[in-house]
Amino acid sequence: MKYSAFVTRIIPDEGINLLKKNKNIELDLYEHDQVIPRKELLKRVKGKHIILSILTDKIDKEVFDAAGPQLKMIANYAVGFDNIDLVEAKKRGITVTNTPSEMISESVAEHTIALMFALAKRIVETDKFTRAGKYKAWGPQLLLGTDLFKKTIGIIGTGRIGTGVVHRLHDGFGMKVVYNDVKKNPQLEQETGAKFRSLTQLLKESDFVSIHVPLLPSTKHLISTKEFALMKPTAFIINTARGPIIDEKALCKALLKKQIAGAGLDVYECEPLIDCDPNDNLELRKMDNVVLTPHTASATLTTRQEMSKIAAKNILAFVGGKRPPNRIE
Ligand code: DGY
């Protein structure tokens, strides 16, 4: 059988080249390096068997209907799959895959650490200060930061990325580890002395809190007003998972009230908006104790090439009648 596949955005060539070698796949590539407009997406998926989507494409009932009943697979170019209506996909017998790998986990774990350092050592703020010509003399109290050494890291979610973060911080900086997850992680406990805590207790104890859970109905606004009130005024929060896990309005308020010391964010509640309400005064982007990156935690050449290959291999397995290695149940 011949399969027609639509790729919703330019992705690294590695995976595309693998797909091009397969005679049974007819590829239609969106030609622009930008988020495909909704209207165009709905038009281009018509009659396709496979869609290679990215995380900014909302793949829902409307897309499934626009594609037609022959649609059989969504290969998402991302680890997260909150952009896809899995319930509807299941109902229609559509296979959904994602692109997890060791490499992507390592990239995101590194970026998480980078945000922690940027906050603790005030890297962005002090860079701006120095560039602005404000550095006139060394001073004992000049721009004091925070050490990571022997501090407590609270990890919410101990999958591959959370575990990668824990190892780096425990092994490299002697940090004490507390964690929360849907179930205990005996291996992590054994390797790093990590201690399981309720979310409440974790927030009370941690000097840094880092989020590594998927976005699910149960994790939306997992961290909101009540949770920020539990944190130490010296504590930092880092989110490289998905924006809506933190209630961004509550975060702004907690920062303004100095309930917490700072935040490092790679993802946003109303992405790509940094504040959900652009007219709101509580703008994260004005705060010096906030470090913001544009959802680039996995943005290294190696990782993005690998994601491309993984997405393609999922498609090739499917087309070959095999179970795709990263099928989401
Ligand atoms: C993912 O893969 O889910 C990241 O958020 C982007 O690489």
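Counting starts at 1 for both ligands and their atoms, in listed order. As the structure is a prediction and not an experimental result, all values here were calculated from the model.
Atom numbering of ligand 1 starts at 1 in the shown order; those under 4.0 Å from a heavy atom of Arg242 are 1 (C), 3 (O), 4 (C), 5 (O).
In terms of polar-atom proximity, defined here as any N/O pair under 3.5 Å, Ile104 makes no such contact with ligand 1.
Taking a cutoff of 4.0 Å between a charged side-chain nitrogen and a carboxylate oxygen, Asp207 and Lys232 qualify as a salt bridge. Salt bridge annotation for Glu106-Arg168: present, with a cationic side-chain nitrogen under 4.0 angstrom from a carboxylate oxygen. Here Lys286 pairs with Glu283 in a salt bridge; the nearest charged N to carboxylate O distance falls below 4.0 Å. For the pair Asp57 and Arg38, the salt-bridge criterion is not met [side-chain N within less than 4.0 Å of a carboxylate O].
Ring-plane geometry between Phe236 and Phe208 is classed as parallel, the angle between the planes falling under 30 degrees on a 0 to 90 degree scale with a further cut at 60.
Using a 4.0 Å cut-off between heavy atoms, Val267 makes no contact with ligand 1 at all. Residue-level proximity to ligand 1 for Asn98 is absent, since no heavy atom of it falls below 4.0 angstrom. Within the 4.0 Å heavy-atom criterion, the part of Ser298 lying near ligand 1 is the side chain and not the backbone.
Val79 N, 2.6 Å is the protein heavy atom nearest to atom 2 (O) of ligand 1. For atom 4 (C) of ligand 1, the closest heavy atom belonging to the protein is His295 NE2, 3.7 Å.
Counting all heavy atoms, side chain and backbone alike, Asn239 lies closest to Arg242 at ND2-O, 3.1 Å.
Thr303 does not count as a contact of ligand 1, since none of its heavy atoms falls under 4.0 Å from the ligand.
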